[in-house]
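Okay, so here's the structure we're looking at.
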Amino acid sequence: MLNRIIANSLPYFPQNFVWMFSKRYIAGKTIDDGIDISRSLNQQGIWVTVDLLGEFIHSIEEAEANKEAYLQIIDRFNSEMVKGNFSLKPTSFGLLIDKERCYELVYEVVKKAASVHNFVRIDMEDATCTDLEIALFLKLKKEFPMHVGIVLQAYLRRTEADIKFLIENHHTSEAPLNVRLCKGIYVEDKSIAIKDYEGVRANYLKLLKRLFDHQVYTGIATHDYYLVEEALKLINDKGLKSEQYEFQMLYGVTPALRDKIIEMQYNVRLYVPFGKDWFGYCSRRIKENPKMVGDIVKAIFIRK
Ligand code: FDA
């Protein structure tokens with residue numbers, strides 16, 4: 001209840017105040033900030049995937065500006081030898097305004113990443129985008145089989161069928177699938193999404209096993225201790241090689257778990273968001289999941 005009140009009143013707090021505790025979760029406001037944080041994570045043996053904050057655009061011109069920004073980011077990462085790839089949200093490239101133009105813009109980004117042997121992950125947004133984002137991914141994968149990946153959400157009931165479809169039709173040894181599996185962050189209706197915590201966990205493990213069984217390269221994206229432990233058991237039972245998976249976490253979240261995984265010598269990639277829209281990003285994330293306020297408020301007092 002208190003979390004919800006704080007979440008709803010966040011837009012009325014001064015931005016500088018909110019920044020004091022958001023900066024633990026956001027790399028900064030500029031490309032330079034994103035590069036500095038990424039480089040220091042690289043020095044700790046951590047890979048990154050960077051995301052330019054810029055959801056909810058209203059025009060194709062804004063989508064074009066986002067494309068230009070990503071091209072610049074890819075150039076900078078490449079020339080400054082930062083070890084990381086790129087995540088993007090198709091709605092910030094105009095998915096819900098003009099899906100053909102969105103494809104052209106994201107195509108340019110993936111083409112650029114491919115030209116420097118890098119990789120772009122298509123983030124998964126709310127359920128109104130699922131079909132569109134899978135279709136976008138498949139169209140791009142045809143052009144750049146090794147340079148683009150998708151995210152799938154374990155809370156969606158449809159994901160099991162999506163995985164089956166993707167494995168049967170779009171997963172070969174020459175062009176293997178690359179999937180990030182997460183629980184899913186949006187508020188969805190119970191007709192399409194599993195709502196109970198244990199149910200989502202169980203589905204996550206079922207789907208993870210399916211991906212591993214078919215040698216799909218998998219980003220195990222979770223901060224849930226139980227899921228990490230179960231994933232480690234699966235990895236050991238199946239004798240998976242380190243080239244077949246990586247752990248993924250959000251920048252600033254559960255650093256103790258992250259360090260434990262690194263200590264055990266598993267590959268870890270952090271999702272590093274940055275950009276001038278950081279305030280909108282924080283407010284939206286917190287509104288979507290008021291429980292985050294508890295973590296953010298704790299972060300004001302506990303500095304690890
Ligand atoms: P759970 O929510 O149970 O969290 C476990 C613990 O982690 C919590 O108890 C809390 O301590 C901590 N924690 C988790 N999230 C936190 C946060 N945001 N702030 C502070 N503490 C937090 N979703 C989506 O719909 N589309 C996407 O494309 C992506 N992409 C993505 C990339 C990566 C690298 C990660 C790690 C996650 C995503 N997600 C996502 C978000 C994902 O769907 C999910 O909402 C969060 O990861 C939280 O789920 P957990 O599995 O961590 O478990």
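Whatever order the structure lists them in is the order used to number ligands and atoms, beginning at 1.
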| In a check of ring-ring contact (aromatic ring centres under 6.0 Å, His included) between Phe86 and each of Phe274, Phe119, Phe77, which one passes? | Phe77
| message | My understanding is that we take every heavy atom of each candidate and find the minimum distance to atom 13 (N) of ligand 1. Doing that for Val253, Leu250, Asp51, Leu270, which one comes out nearest? | response | Val253
| Is there a donor in the side chain of Thr30 and an acceptor in the side chain of Asp33, or the other way round, less than 3.5 Å apart? | yes
| query | With backbone taken as N, CA, C and O and side chain as the heavy atoms from C-beta onward, which portion of Met249 lies under 4.0 Å from ligand 1: side chain, backbone, both, or neither? | reply | backbone
| Per-atom contacts of ligand 1 with Asp123, taking only distances under 4.0 Å to non-hydrogen atoms | 28 (O)
| message | Within the 4.0 Å heavy-atom shell around Tyr197, which atoms of ligand 1 are there? | response | 1 (P), 3 (O)
| note | Counting from 1 in the order shown, the ligand 1 atoms closer than 4.0 Å to a non-hydrogen atom of Arg180 are 28 (O), 30 (N), 31 (C), 32 (C)
| query | Just which atoms of ligand 1 are under 4.0 Å from any heavy atom in Tyr186? | reply | 25 (O)
| query | Going by the atom numbers of ligand 1, which of them fall below 4.0 Å from some non-hydrogen atom of Thr254? | reply | 7 (O), 12 (C)
| query | Quick one: which of His171, Lys164, His170 gives a side-chain hydrogen bond (donor to acceptor under 3.5 Å, both in side chains) with Glu168? | reply | Lys164
| With atoms numbered from 1 as shown, which atoms in ligand 1 lie under 4.0 angstrom from a non-hydrogen atom of Tyr271? | 32 (C), 34 (C)
| Short N or O distance, Ile185 and ligand 1, threshold 3.5 Å exclusive | yes
| Contact atoms of ligand 1, heavy-atom distance to Gly184 under 4.0 Å | 25 (O), 42 (C), 43 (O), 45 (O)
| field | is_close_aromatic(Tyr155, Tyr186), centroid dist under 6.0 Å | value | no
| query | Of the non-hydrogen atoms in Leu208 and Ala231, which two are nearest, and what is the gap between them? | reply | CD2-CB, 3.7 Å
| remark: ligand 1 atoms nearer than 4.0 angstrom to some heavy atom of Thr222 are 50 (P), 51 (O), 52 (O)
| message | Minimum distance, heavy atoms only, to atom 48 (C) of ligand 1: which one of Arg121, Arg201, His223 is it? | response | His223
| said: Name the residue from Arg180, Gln248, Arg269 that meets the side-chain hydrogen bond (donor to acceptor under 3.5 Å, both in side chains) definition with Ser87. | reply: Arg180
